[in-house]
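In what follows, a structure is listed as structure tokens, so that the remarks can point back to it.
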Protein chains: 2
Amino acid sequence: MLSKKTKYGLKALTYIAKSDSDAPVQVGEIAKSEKIPQKFLESILLTLRKSGFLGSKKGKHGGYYLIKETSEIKMTDVLRVLEGPIAMVPCVSLNFYEKCDDCLDEHECSVHKLMIQVRDNTLKVLRDNTLEDLAG
Amino acid sequence: MLSKKTKYGLKALTYIAKSDSDAPVQVGEIAKSEKIPQKFLESILLTLRKSGFLGSKKGKHGGYYLIKETSEIKMTDVLRVLEGPIAMVPCVSLNFYEKCDDCLDEHECSVHKLMIQVRDNTLKVLRDNTLEDLAG
DNA sequence: TGTAATCCCTAGTAAGTTGATAGGATTAAT
DNA sequence: ATTAATCCTATCAACTTACTAGGGATTACA
């Protein structure tokens with residue numbers, strides 16, 4: 001299941017991407033429009049800023065803005081920051097790999113075989129979709 | 001993330017599918033061989049029996065056995081029983097659909113659009129893979 | 001008929017995660 | 001100065017997960 005955090009984060013990014021004005025977009029505005037608890041959204045946007053997706057401006061008339069082209073923000077990258085691993089088991093994760101305790105040889109594990117396929121297909125979708133696609 | 005429950009369930013099904021003897025396979029044997037806590041595995045196999053994947057024989061020399069051809073046991077079906085919805089958000093789930101609180105029109109939701117694609121690709125993999133593929 | 005082996009069933013529980021909320025510090029425009 | 005915004009830390013209730021405990025019911029076999 002996708003966490004609310006990720007869902008809210010994606011919606012907020014989409015909202016910012018769609019705003020055509022040059023002015024930074026305020027958390028309060030996004031929260032109200034997308035029905036997201038404001039304080040929760042604050043922490044999410046902070047994460048997105050710290051991981052290089054957003055820039056921010058403090059103080060009055062402050063807010064958040066994109067610092068990359070929408071076409072350069074891949075869903076794989078966003079998901080990994082907000083949700084963590086994309087793979088369904090750590091032993092098939094590219095970025096968060098961990099060995100299983102119970103498998104002697106993971107190449108003989110039926111679950112491993114299956115989850116590799118799921119991962120590859122999911123990755124393909126998430127790599128092909130950028131924020132441009134979400135906002136478009 | 002795939003739960004241990006599902007992972008253990010899949011491993012157990014694979015183990016049973018691979019056992020060539022006609023005799024039912026015992027929980028203790030699977031647990032030992034696959035390094036799964038026995039009591040936990042008991043409850044998982046019980047679930048699989050109640051949902052029609054396994055039959056069981058009680059008493060001495062009892063155990064579990066498949067009641068369908070391995071080629072007829074689709075991963076979608078197993079996953080739905082052990083893990084629940086395959087979709088990452090309820091609003092794109094075929095079998096566990098729920099409307100989002102925060103979306104007025106889900107066809108305009110960027111997350112919805114993306115997750116439909118993920119779901120379709122995952123479903124394809126899970127439908128194409130049967131227990132025969134896992135055990136083979 | 002007794003006993004050991006096996007599945008069946010219900011309850012409980014510690015640890016971790018999620019989805020927030022609270023309260024304020026800091027910064028910038030007016 | 002005042003106001004409006006981001007920034008930061010701490011806290012917390014509810015839920016989920018991954019078990020564990022304790023036994024009941026059933027069957028094979030001596």
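We name chains A, B, ... by the order of the sequence lines, and we start the count at 1 in each one.
Map A/Leu2 and B/Gln38 each onto its nearest nucleotide of DNA chain C; the residue landing nearer the 5' end is B/Gln38. Mapped onto DNA chain D by nearest heavy atom, B/Lys39 and B/Tyr8 fall at different nucleotides, with B/Tyr8 at the one closer to the 5' end. For B/Ser43 and B/Gln26, each mapped to the nucleotide of DNA chain C holding its nearest heavy atom, the one lying further toward the 5' end belongs to B/Gln26.
If you check every strand for non-hydrogen atoms under 4.0 Å, A/Gly63 touches sugar and phosphate atoms only. No engagement by A/Lys7 is indicated, since no non-hydrogen atom pair under 4.0 Å with the nucleic acid exists. Using a 4.0 Å heavy-atom cutoff across all strands shown, B/Gly62 reaches sugar-phosphate atoms only and no base atom. Heavy atoms of B/Lys58 sit under 4.0 angstrom from primed sugar atoms or phosphate atoms, though from no base atom.
For the pair A/Thr6 (side chain) and A/Leu2 (backbone), a donor-acceptor distance under 3.5 Å is absent. Side-chain N or O atoms of B/Thr14 include one that pairs as donor or acceptor with a backbone N or O of B/Leu10 at under 3.5 Å.
In this structure, the side chains of B/Met75 and B/Leu134 come closer than 4.5 Å at one or more pairs of heavy atoms.
One atom, CD of B/Glu83, and another, C1' of D/dT17, lie 11 Å apart when rounded to the nearest Å. At whole-Å resolution of the value, OH in B/Tyr65 and P in C/dT6 are 16 Å apart. Separating the CG atom of B/Leu82 from the P atom of D/dA18 is a distance of 12 Å, rounded to the nearest angstrom. In this structure, the CZ atom of B/Arg49 is 18 Å from the P atom of C/dT6, given to the nearest Å. Straight-line distance from the NZ atom of B/Lys57 to the P atom of C/dA5: 16 Å, rounded to whole Å. Between the NE2 atom of B/His61 and the C1' atom of D/dC29 there is a distance of 8 Å, rounded to whole Å. Atom CE in B/Met1 sits about 16 Å away from atom C1' in D/dT16, given to the nearest Å. In this structure, the CG atom of B/Leu46 is 9 Å from the P atom of C/dT10, given to the nearest Å.
Under the 4.5 Å side-chain heavy-atom criterion for ILVMFWY residues, a single connected hydrophobic cluster contains both B/Leu82 and B/Ile30.
Here C/dC8 is the nucleotide among C/dC8, C/dG19, D/dA28 with the atom lying nearest to any side-chain atom of B/Ser56. Closest approach to the B/Phe40 side chain among D/dT6, D/dA28, D/dC19 is made by D/dC19 (side chain taken as heavy atoms from C-beta onward). For B/Lys60, the side-chain atoms get nearest to C/dA4 when compared with the rest of C/dA4, C/dA20, C/dC9. Side-chain proximity of A/Lys50 to the nucleotides D/dC8, D/dT6, D/dC29 is greatest for D/dC8.
A side-chain N or O of B/Ser3 and one of B/Glu83 form a donor-acceptor pair less than 3.5 Å apart. With no hydrogens or angles considered, no side-chain donor-acceptor pair links A/Tyr64 and A/Gln26 at under 3.5 Å.
Residue B/Asp102 is tested with A/Lys35, A/Lys7, A/Lys4 for a salt bridge (Lys or Arg N to Asp or Glu O under 4.0 Å); the sole match is A/Lys7. For the side chain to side chain contact (heavy atoms under 4.5 Å, CB included) with B/Asn121, the qualifying choice from A/Val125, A/Thr122, A/Asp120 is A/Val125, the only one to do so.
Axis angle between the ends of the helix from C/dT1-D/dA30 to C/dT30-D/dA1, five pairs each and rounded to 10 degrees, works out to 10°.
Applying the 3.5 Å distance criterion, the base of D/dC7 shares a donor-acceptor pair with the side chain of A/Glu42.
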